[in-house]
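A quick write-up on the structure given underneath.
These numbers come from the heavy atoms of this one structure, side chains and all, not from hydrogens, waters or symmetry mates. All chains are named by letter (A, B, ...) in the order of the sequence lines, taking the proteins before the strands, and each is independently numbered beginning at 1.
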2 protein chains.
Amino acid sequence: MASTIKDIARRLNISVSTVSYALNGGPRSVPEEVRDKVLTVARELDYRPNRVARSLITRRSHVLGIIPHRSSRDLILGPFMQHVLNGILNEAELMMQHVLIFTRCDEKDTAGTMDQFLGGHVDGLVFISSDGLEPVLEELRHRNFPHVALSARRGASPTVTVDNVNGVERAMAHLYGLGHRKIGHLRGIPTHYDGWERHEAYSDFMRRHGLPINPSWIVDGRFTPFDGRCAALKILDRPDRPTAVFAANDEMALGLLEAARELGISVPSQLSVVGFDDSPHAALCYPRLTTVRQPLNDIGAAAARMLLDIIEERDPVTSLRFGTELVIRDTTARPTEDQS
Amino acid sequence: MASTIKDIARRLNISVSTVSYALNGGPRSVPEEVRDKVLTVARELDYRPNRVARSLITRRSHVLGIIPHRSSRDLILGPFMQHVLNGILNEAELMMQHVLIFTRCDEKDTAGTMDQFLGGHVDGLVFISSDGLEPVLEELRHRNFPHVALSARRGASPTVTVDNVNGVERAMAHLYGLGHRKIGHLRGIPTHYDGWERHEAYSDFMRRHGLPINPSWIVDGRFTPFDGRCAALKILDRPDRPTAVFAANDEMALGLLEAARELGISVPSQLSVVGFDDSPHAALCYPRLTTVRQPLNDIGAAAARMLLDIIEERDPVTSLRFGTELVIRDTTARPTEDQS
DNA sequence: AACGTTTCGCGAAACGTTTCGGAAGTGGAA
DNA sequence: TTCCACTTCCGAAACGTTTCGCGAAACGTT
């Protein structure tokens with residue numbers, strides 16, 4: 001139904017090549033006069049170029065692919081995914097690229113997954129989390145297909161990461177400086193790289209400062225407020241509870257705050273809390289959350305830009321690491337006498 | 001570099017058509033034996049079908065397009081976009097479709113926009129908000145291109161909406177029932193259809209109950225916490241402030257809560273607040289927000305499903321409207337004596 | 001007049017598929 | 001033997017572009 005370049009050519013009794021050149025100021029020039037005629041007829045026929053046909057031949061779609069974490073049902077709802085995605089989208093807009101989100105991504109079916117990725121619909125891929133997808137990354141590297149991984153071990157593939165170790169260090173040092181010695185940890189799923197790294201940094205800090213690590217002060221959650229609340233109940237509802245808890249992200253810290261309220265534990269006087277992310281709600285909740293800020297929007301934007309650089313074969317920046325910043329608000333204070 | 005169907009054919013000295021049939025159990029049968037051989041060689045050559053070439057001929061990409069609100073820089077960050085997108089993504093996954101987010105969408109350049117949309121990269125479109133895009137919708141209708149609009153006037157295009165009128169009615173009736181007579185409104189941008197409809201419903205309620213509408217009790221914001229805070233300061237920081245405020249969404253209500261805290265106005269004893277959405281943080285903030293719940297995930301999922309129905313020419317469901325539910329939490333109470 | 005150099009334009013190949021028309025062969029029934 | 005139906009496979013067209021090679025014409029220089 002829709003008109004094509006051929007229809008224009010026929011109408012004007014000229015060849016399709018000429019039309020193509022006219023339409024996109026193509027690699028060869030066409031005289032002003034016929035150019036105008038082509039443009040007019042194109043408008044008359046309501047012509048729209050078929051970008052798919054074009055991609056087939058140019059091998060570029062101007063679309064960036066995104067692979068959300070596989071448990072995306074939950075994670076896309078979190079501020080992490082949200083802000084990173086926002087960063088990617090904003091940057092993609094500037095770079096005139098669209099963004100395709102791959103919904104199906106079965107890590108057990110590497111072949112099927114690759115079919116999707118390499119089908120030509122996207123020029124490159126951003127992995128929001130590489131958790132469980134190492135074989136896929138491996139094959140992409142092997143095929144030389146442009147990709148960038150976030151929240152991943154710095155390895156063979158290009159990565160954009162946040163300095164978790166440094167961020168956790170700041171958070172812990174803050175708590176330690178206030179006088180806390182009994183510090184618990186709401187840990188993210190340990191297969192998730194950030195979750196793992198933050199836990200490592202936490203353990204490392206505790207060890208280095210000779211603090212006791214009580215296993216029952218460390219509970220896992222999948223980065224959601226609900227999980228945070230459940231996990232927090234396990235940590236807090238016991239006689240020897242810690243005086244402070246470091247949560248692997250803000251969402252879980254929010255759940256923790258709720259749990260504390262339910263248990264009648266007042267924050268920060270009886271319990272200090274530090275989160276990670278500085279999501280918008282950290283400043284909006286009550287009491288306002290002390291947290292480690294990571295520039296999620298910038299991370300997303302950087303990933304998008306790095307990916308396009310790779311696609312267009314510019315400088316080979318292979319990895320980028322962003323810094324963090326401690327934002328001290330109202331959920332941290334000195335532990336009270338009777339606790340320490 | 002990558003191997004094609006032709007390579008397989010050459011290797012086996014058979015025709016490409018046979019390979020094609022073998023590969024996708026195609027419309028014609030091929031004997032078991034050659035089928036196996038084709039599959040083996042395909043694996044050997046690490047063959048990946050080129051989906052772009054396939055879409056060119058089948059005219060299907062199995063990708064659903066999404067057009068975020070044009071001021072997406074802000075809106076994608078809100079729970080509205082987030083949950084709707086989540087709903088779409090989940091449903092798309094079930095339906096084996098991927099999702100492409102159009103970043104560029106200049107409402108001034110209808111032609112350019114249409115080029116993007118009709119380029120063949122997507123089989124249909126979901127408009128998150130049709131605000132300002134009527135000409136585009138018009139043309140899509142004219143071309144019979146599958147699309148669904150959210151948060152839009154029920155018109156010629158298929159829509160999925162929420163019953164704003166009913167939702168606002170519940171919120172207002174709740175406040176009225178508690179004894180509030182001086183009720184303000186934190187309004188969303190009025191070009192946004194939901195924002196407009198909620199404001200209409202608010203005004204209508206006030207009129208019907210003979211309540212005074214004070215223009216300085218109505219301030220606009222772009223659905224963000226920051227805007228909510230700014231707008232709330234204007235409403236609250238004056239001698240004749242209302243005893244209750246209905247906010248067009250939860251994010252602004254959250255900003256309102258913050259503003260109230262800054263001004264030393266205690267919620268709910270001195271000020272009642274109702275939001276709209278029931279975003280996760282409504283239950284997590286303090287005091288917990290009374291709000292109108294709308295099933296954002298379901299709305300997104302329904303839109304995706306409706307779109308696919310249209311694409312695949314199944315039943316012609318033209319529009320769907322979801323109901324709301326009032327969730328009473330801790331930000332609403334009777335007005336105190338001295339206020340009324 | 002002979003010569004390069006541009007300009008202009010056409011035809012065709014290519015991108016990687018899907019799918020149609022039909023040819024050749026096989027087997028069974030009339 | 002003839003006819004029909006079925007299987008198996010090939011060649012080619014099609015989808016809508018981009019772009020290369022090449023020829024013809026036009027133009028100015030020697």
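Asp298(B) contributes no side-chain N or O that, together with a main-chain N or O of Pro295(B), makes up a donor-acceptor pair within less than 3.5 Å. In this structure a side-chain-to-backbone donor-acceptor pair under 3.5 Å is present from Asp123(B) to His62(B). Of the possible polar contacts, none joining the Thr159(B) side chain to the Thr161(B) backbone as a donor-acceptor pair under 3.5 Å is found. Although no hydrogens or angles enter the test, the distance criterion places a donor-acceptor pair under 3.5 Å between the side chain of Arg48(B) and the main chain of Ala111(A). The main-chain N or O of Tyr21(A) is never found under 3.5 Å from a side-chain atom of Arg35(A) such that the two would form a donor-acceptor pair. Side-chain atoms of Ser130(A) do not come within 3.5 Å of backbone N or O of Ala152(A) as any donor-acceptor pair.
Note on Thr4(B): only backbone sugar-phosphate atoms sit closer than 4.0 angstrom, heavy atoms only; bases stay farther off.
Residues from residues 41-52 of chain B lying near DNA chain D, meaning a heavy-atom separation below 4.0 Å, are absent.
Here chain B contacts DNA chain C (any atom closer than 4.0 Å to a heavy atom, that is under 4.0 Å), and the contacts span dG16(C) to dG22(C) from 5' to 3'.
A donor-acceptor pair shorter than 3.5 Å can be found between the side chains of Gln116(A) and His98(B). For the residue pair Thr113(A) / Thr110(A), no side-chain donor-acceptor distance below 3.5 Å is found, with atom types taken as modelled. His147(B) and Ser157(B) form a side-chain donor-acceptor contact under 3.5 Å, judged by distance and modelled atom types alone. When only modelled atom types and interatomic distance are considered, Ser15(B) and Thr18(B) share a side-chain donor-acceptor pair under 3.5 Å.
Straight-line distance from the CG atom of Asn13(B) to the C1' atom of dT8(D): 16 Å, rounded to whole Å. Atom C1' of nucleotide dG11(D) and atom CZ of Arg28(B) are separated by 12 Å, given to the nearest angstrom.
Across the interface with DNA chain D, nearest-nucleotide mapping of Arg59(B) and Ile14(B) shows Ile14(B) to be the residue nearer the 5′ end. Nearer to the 5' terminus of DNA chain C, by closest-nucleotide assignment, is the contact made by Val16(A) (compared with the other of Val16(A) and Arg54(B)).
Remark: aromatic rings of Phe102(B) and Phe117(B) are close, center separation under 6.0 Å.
Rounded to 10°, the helix from dA1(C)-dT30(D) to dA30(C)-dT1(D) has 60° between the axis fitted to its first five pairs and the one fitted to its last five.
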